[in-house]
Amino acid sequence: MKGFRYTIVFGGLALLVLFLLYPLSLVLDASLRVNGTGTLTLANYAQIFASKYYLGSIGNSLLAATLAALGATLIGTPLAFCLARVDMPGKTVLLTLATLPLVLPSFVAAYALVLLFGHAGVVTTGLREIGVPIGPIYGLPGITIVFLLTLYPYVLLPSIAGFRAIDISIEEAARNLGGSRLHAFRTVLLPVAMPAVLAGALLVFIEALENFGVPVVLAEDRPFLAVDIFKLFAGEAENNPAAAGALSVLLIAGTAVALVIQRRYLSRRRFATNARAAPPPLPLSPGWRMLATVFSWGIVALSLLPFIAVLFISFLHFRGPVLTWQLAFSNYSMLLEGSFRPLYNSLLLATITAVVATLLGAPIGYIVTRHRGALSTGLDMIGMIPFAVSGTVLAIGLIIAFNSGILVLTGGWLILVIAYVVRKLPFCIRSSSAIVHQIEPSLEEASINLGVPPLRTFVTLTVPLMASGLIGGMILVWITAASELSSTIVLYTSRWSTMTVRMYHFLEGGEGAGSASAAAAILILFTAAPLLLIHRRVRRQDDPML
Amino acid sequence: MTTIRLDRVSRTFGSVRAVDNVSATIEEGKLFTLLGPSGCGKTTLLRMIAGFADVEAGSIWFGDRRIDTLPAHRRNTGMVFQNYAIFPNLTVQDNVAYGLRARKVRTTDIRARVDKALERVRLVGYGARWPHQLSGGQLQRVAIARVLVIEPSVLLFDEPLSNLDAQLRVQMRVEIRQLQQSLGLTTIYVTHDQEEALAISDRIAILRSGKIEQIGSPEEIYQRPQTAFVAEFLGGTNMLPGIAGKFDGRTTEVAACGTTISVVGKVADAGQKLFLSIRPEALRVAEHSDSPVLHAKLVLREFLGQIQRLHASLPDGTQIRVSTLGSRHVAAVGAALALAYDPAQVIVYPGH
């Protein structure tokens, strides 16, 4: 068992150093050199801070992320309280639907907004025809709305857990001491759930800051950090790897600070109240219950509306970029007449990623949970770093690192899988660790005590106990890998293009609105269908990332 | 100062009658204990008084004020919860001040009253601490200070000591009793621990399946249990099935467990089935005795310090328990024992 432990710890550390820390250090290095390769300098940073454009880019990204975090908190907290404490029709279904935006590709939602409210959007043109002037939704408003609608579950899920973890006696004590229900909510329930709420809000902030797909679709010519990094590194016109590196380092710094604040905050406030059972539903009058039901269903429906609109529009005929009201499969035939290759690539890469990430993450999660020590704590911390690194930045690092030298990976499928696996590893480790937490250590001790050696106990007892949870996590990894855009867009080659890249090109070209909608619809089906099929299993473990 | 009156109070959960037509009066300033096995309805009854469980039928009165129709936060009861229910987001002093703030007491008064309450539970200087920095016993004291400070009409305790270790439990129950007596607050106390109930109560109600089995002072309930259930639940008596024999004018001979046991008075007609209750401490190990004796064989000896408990088997194999002083020397396991008893201390219950 000791050998197994060291193999996992050192193997995990080696992989993370090679495919995460080393590439990131090269990005940092590039940011500190003239033109990315010359002598050491701070000029790249000076250039950024002297440039109105880049400061605008940083400002826009921070503002959108902050607004998204605030909005998600304002929507997610009351929704969480309703879902945790109000009896309402279809609550199980609602909970499942509410988790969907987390895995549905957010740039598809952004695209839906373009289809509905863009320059030639369905709603925009429709309103103009009847004489209502409406401005297009590009830039900060559109981006914030999409972030809000796709990221609010990051606040919702931990907040539901937070409200459910408050033992009913806490509320009863408040009422017994003379507080009304509202008073008890304001003075006790909300403050006790607050750490969970804020933890979720910081996650929204991080995710929004890193996000590439939404601004790339909706920013038009307004500067956004994640998009600028990509353009500076991969763009033909304004290629400047040193500036890309410097912006990347600033982006990582921003997310890392948010992550550290989150961890610090959580470690100082742990309001565990050890609920023996989830608190019972509130006795509400029919009017209030109706209000809560309409509010909850309304929010969830609104967040899914863009995806439903895309599904619908994908079956309408486009004449060039112009949408007609004719039902047709022309978008799909156009999308697939070129080649099935990108579809096949997406499925293959996602499958390999899901298997590899789970096989790596599960034992690491087990060891960092069961065997606390300096090495495993270090592994746990390094394993969380990918979370603070945007896909684009990691991909840039991988390209710099493995474009030449002993190990050349660029241009193949392996580098895509490596990027995906590294990005999904924090999720796999957290998910496995959450599962292990739920398995009583005494079970394993009983097995060892009865004469089964530790390693065999792990294989024959622990692994089967973890299996169902791991499969749920694996499917989530598969879904998110299949709809990955931010690192794929840097790393793909024409041989290894994916559905997301195809969709990006259709959008960029402007011509292929029809094909893009078909690609988006296919992505939605690939992400939503498996999740809805396994919804019970996924809900049980909620999102261990949180 | 409040008299509590429960008038034919009932509550059902599904098909289970959790509280079944319970009536009782708790006099002003008394500590009244609801005692019974788990699921007997004692906690439900307490929660009905606090306002956390609905009263389906009947009424609850504090003095001449009916309170079961008031919402929980208007009843002015002070409840100490099993898990203390200390607000984890508030410091000790803010926890104690909670009820005062809800009552909109002036800030200047709050300070003084909180300090006094903390002093009363011997937590001076702990005001600024956070709940997670306190031990179980200290949390318990905060919970008590928090309800004392609002000067409640009645105090309600829901198994308050069950999360503490044995030594602290004994210490805390003394503190609770002394506080309650010095403040003269009418108190209802729920527990499943019979020793705790006997130690601190003015009166005890034994509950079984939602019904009150017996109400009385600790002494009455222990010495004169009215039903076999009460006798067995309290103090773990030896309950022996038997058949009544002839009455000789002074005692009745009862055939039980392969021997004959004398009981004072004519307890039943000859041939009738009955149960005999003999408390473990009513039996004495004796070589020579004027009293009647039971002949038994020692099976097991449990040494408990001050006392020892002997398990002995009667002629038909039925095991009985005998309590004697721990210092007393007894025969080896397997040896014969003569157990003397006083027929007046044998209590008879009707057989099934």
> On a heavy-atom basis, which atom in F81(B) and which in S169(A) lie closest, and how many Å separate them?
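Minimum heavy-atom contact is CD2-CB, 3.7 Å.
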> Starting at CZ of F52(B), measure out to CG of N176(A) and round the result to the nearest 0.5 Å.
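Atom-to-atom, F52(B):CZ and N176(A):CG are 5.0 Å apart.
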> Please assess Y98(B) against V188(A) for the test side-chain contact (heavy atoms from CB on, under 4.5 Å), listing each intermediate value before the final yes or no.
CA-CA 10 Å; Y98(B) 191 92; V188(A) 180; 3.6 Å; yes
> Looking only at heavy atoms, which two atoms of G179(A) and H73(B) are closest? And how far apart?
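Heavy atoms of G179(A) and H73(B) come nearest at O-CB, 3.0 Å.
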> Should the heavy atoms of other residues, nucleotides or ligands under 6.0 Å from CD of Q133(B) be counted, would the total exceed 12?
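Buried by this count: over 12 neighbours within 6.0 Å.
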> Rounded to the nearest 0.5 Å, how far apart are CE of M79(B) and CZ of R175(A)?
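Taking CE in M79(B) and CZ in R175(A), the distance rounds to 12.5 Å.
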> Rounded to the nearest 0.5 Å, what separates atom OH in Y84(B) from atom CD1 in I170(A)?
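Between atom OH of Y84(B) and atom CD1 of I170(A) there are 12.5 Å.
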> Is the side chain of R103(B) donor-acceptor paired with the backbone N or O of L177(A) at a distance under 3.5 Å, no angle test?
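Answer holds: yes.
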> For R74(B), is the CZ atom crowded, meaning more than 12 foreign heavy atoms sit under 6.0 Å from it?
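Not more than 12 within 6.0 Å, no.
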> Please determine whether the number of non-hydrogen atoms from other residues, nucleotides or ligands lying under 6.0 Å from atom CG of D165(B) exceeds 12.
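Count over threshold, so yes.
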> Got more than 12 heavy atoms from elsewhere within 6.0 Å of OH, Y126(B)?
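Count not over threshold, so no.
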> Can you tell which part of R47(B) gets under 4.5 Å to a heavy atom of chain A, answering side chain, backbone, both or neither?
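When you check distances to chain A, only side chain atoms of R47(B) fall under 4.5 Å.
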> Could you tell me whether the side chain of N89(B) and the main chain of T187(A) form a donor-acceptor pair under 3.5 Å?
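Side chain of N89(B) to backbone of T187(A): a pair is present.
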> Taking G99(B), A85(B), A50(B) one by one, which has the highest count of heavy-atom pairs under 4.5 Å against chain A?
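Among the listed options, the one with the most contacts to chain A is A85(B).
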